[in-house]
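Reviewing the structure listed below.
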Amino acid sequence: MKLLVTGGAGFIGSAVVRLAVARGHHVVNVDKLTYAACLDNLAPVADSPLYAFEQADICDRAAMDRILADHRPDAIMHLAAESHVDRSIDGPGAFIATNITGTYTLLEAARAYWTAAGRPAAFRFHHISTDEVYGTLGAEGLFTEETAYAPNSPYSASKAASDHLVRAWHETYGLPVVLSNCSNNYGPYHFPEKLIPVVILNALAGRPIPVYGQGENVRDWLYVEDHAEALLLVCQKGAVGRSYNIGGNNERRNIDLVRMICALLDERRPAGAPHDRLISFVTDRPGHDLRYAIDAARIRDELGWEPSVTVEEGLARTVDWYLAHEDWWRALQERDGVGQRLGKVG
């Protein structure tokens, strides 16, 4: 199978590319190489004859047409997106451009390619999205595929819009699509501005570990390699027009997650005092959703997928990976905005 993966130099995209190549698929990675992209994420597959890279912007229709014509993929896995909520608060325009206009442009290129090929039934356009489109939960309940959309940040609103576009292109034009909405990912190659890498790297440097509010926000944590397995499964076996929620079955309050990481570092890099002394509660970000939790029964019952990595196992692997890959994360810390407090209003 030949896959075209957009955003394949990003965190989740690169995990998909590495796994797909390992499984023997041909993969074309299309990435604009924005600040959050890193070709070093693809080092394990860079020299494989199964891997090809195209630097291009998904908003560039001519480039998308050319790449599809040149490589003739069997499926498109669309992961390219601006994804950092705090950055979306400071600069929503980039999120509207990439997540909405970019998805529209890619859909139109895919529709033209599919139509010219005779509308093959086996073709798939797999749109990868987030559980943040559903808004926030209270203390009880789970997001299902039927949960009404209620996004609360510019990021989640832009992803909600892209989900609706994909559904509309299926209903209106017959484009064979599948969709998936995931919970919070973590693991190796996670860009240093996200919560778990921030905790690890600030703790190692002896800097304050910022925690929004009182750390009461709850997230369902999904190990990125588990997610990559689920995405390949949805792309290959998901029902056309169907959406699948992908979760880790690992709900944790942010403050508990941070303390777990600190305890792992206490074991691996003792600092003379517990790392959790560095925890610093900071002003919450605007529109911060209280709780996300995924009901992943559909993908379990229909496709046989369940997460295999507990949050305890996954955090230990992640901490060990960052300790062993200092050259990787130090280079990324120099990029624009990394290490700064973003997403404040007023």
Side-chain angles (χ1 to χ4, degrees), residues 1-10 12-14 16-17 19-21 23-34 37 42 45 48-82 96-129 158-159 161-180 228 231-244 303:
M1 187 175 190
K2 179 175 277 191
L3 302 171
L4 187 149
V5 177
T6 69
I12 301 173
S14 63
V16 170
V17 172
L19 179 62
V21 170
R23 294 273 174 84
H25 299 295
H26 289 265
V27 179
V28 182
N29 171 19
V30 177
D31 201 297
K32 184 181 177 182
L33 298 184
T34 63
L42 285 313
V45 300
S48 170
L50 299 177
Y51 173 75
F53 173 64
E54 293 272 6
Q55 184 172 354
D57 185 345
I58 59 170
C59 294
D60 184 342
R61 175 62 189 275
M64 295 303 101
D65 287 340
R66 178 192 62 77
I67 290 167
L68 287 168
D70 286 352
H71 294 280
R72 310 211 50 86
D74 303 305
I76 295 171
M77 299 184 71
H78 178 34
L79 293 104
E82 294 284 348
I96 303 305
T98 297
N99 299 354
I100 301 177
T101 304
T103 298
Y104 157 73
T105 304
L106 188 63
L107 281 166
E108 281 291 83
R111 181 166 72 97
Y113 166 73
W114 175 66
T115 300
R119 300 165 69 95
F123 178 78
R124 293 292 180 272
F125 185 106
H126 180 187
H127 179 62
I128 290 87
S129 190
S158 69
K159 289 298 290 184
S162 69
D163 290 8
H164 293 321
L165 288 173
V166 173
R167 285 190 173 90
W169 259 243
H170 171 61
E171 294 294 336
T172 302
Y173 303 112
L175 187 70
V177 309
V178 287
L179 301 94
S180 56
L231 291 178
L232 286 179
L233 187 63
V234 169
C235 186
Q236 293 176 279
K237 297 185 179 179
V240 171
R242 200 96 159 124
S243 64
Y244 296 87
L303 303 182

Q | Sub-4.5 Å side-chain heavy-atom contact between P73 and L3 | A | no
Q) Does a side-chain heavy-atom distance below 4.5 Å link H170 with L179? A) no
Q: Using a 4.5 Å cut-off on heavy atoms from C-beta on, say whether the side chain of L106 contacts that of F125.
A: yes
**Q.** A109: partners by side-chain contact (heavy atoms from CB on, under 4.5 Å), with sequence neighbours left out
**A.** R61, M64, D65, L68
Q | Gap between atom CG of N99 and atom NE2 of H78 - 0.5 Å precision | A | 7.5 Å
Q | Closest heavy-atom pair and its distance - H26, P49 | A | ND1-O, 4.3 Å
**Q.** CD-NE2 distance between Q236 and H126, expressed to the nearest 0.5 angstrom
**A.** 11.0 Å
Q: Apply ring-ring contact (aromatic ring centres under 6.0 Å, His included) to Y113 and list each qualifying residue two or more places apart in sequence or on a separate chain.
A: F123
Q. Taking only residues two or more places apart in sequence or in another chain, which ones pass side-chain contact (heavy atoms from CB on, under 4.5 Å) with A63?
A. A56, D60
Q. How close do L42 and V17 get, heavy atom to heavy atom, and via which atoms?
A. CD1-CG1, 3.5 Å
Q | Pair listing, salt bridge (Lys or Arg N to Asp or Glu O under 4.0 Å) test, anchored in residues 67-82, at least two apart | A | R66-D70
Q) Between atom CD1 of I128 and atom OG of S180, what is the distance when rounded to the nearest 0.5 Å? A) 5.0 Å
Q) Got a sec, which residues hit side-chain contact (heavy atoms from CB on, under 4.5 Å) with F53, two or more places apart in sequence or on another chain? A) N29, D31, L33, L39, Y51, Q55
Q. Between CG of L165 and OG1 of T103, what distance do you get to the nearest 0.5 Å?
A. 7.0 Å
Q) Can you find a pair of side-chain heavy atoms, one from L231 and one from I12, that are under 4.5 Å apart? A) yes
(Q) Does any part of the side chain of I58, heavy atoms only, come nearer than 4.5 Å to the side chain of T105, both counted from C-beta? (A) no
Q. How close do A110 and I76 get, heavy atom to heavy atom, and via which atoms?
A. CB-CD1, 3.7 Å
Q. Are side-chain heavy atoms of C59 and K32 found at a separation under 4.5 Å?
A. no
Q. Who passes side-chain contact (heavy atoms from CB on, under 4.5 Å) against R23, sequence neighbours left out?
A. L19, H25, E229, L232
Q: Work out which heavy atom in S48 is nearest to a heavy atom in V21; give both atom names and the distance.
A: OG-CG1, 3.6 Å
Q: Measure across V27 and A20 and return the closest heavy-atom pair with its distance rounded to 0.1 Å.
A: CG2-CB, 3.6 Å
Q: Could you tell me the separation between the CG atom of L175 and the CZ atom of R124, rounded to the nearest 0.5 Å?
A: 10.0 Å
Q | Partner residues of H164 under the ring-ring contact (aromatic ring centres under 6.0 Å, His included) criterion, sequence neighbours left out | A | Y149
Q. Which atom pair, heavy atoms only, marks the closest approach of S158 to I100?
A. O-CG1, 3.6 Å
(Q) Just to verify, what does S162 make a side-chain hydrogen bond (donor to acceptor under 3.5 Å, both in side chains) with, not counting sequence neighbours? (A) H127
Q) What pairs with W169 under side-chain hydrogen bond (donor to acceptor under 3.5 Å, both in side chains), at least two apart in sequence or on another chain? A) E108
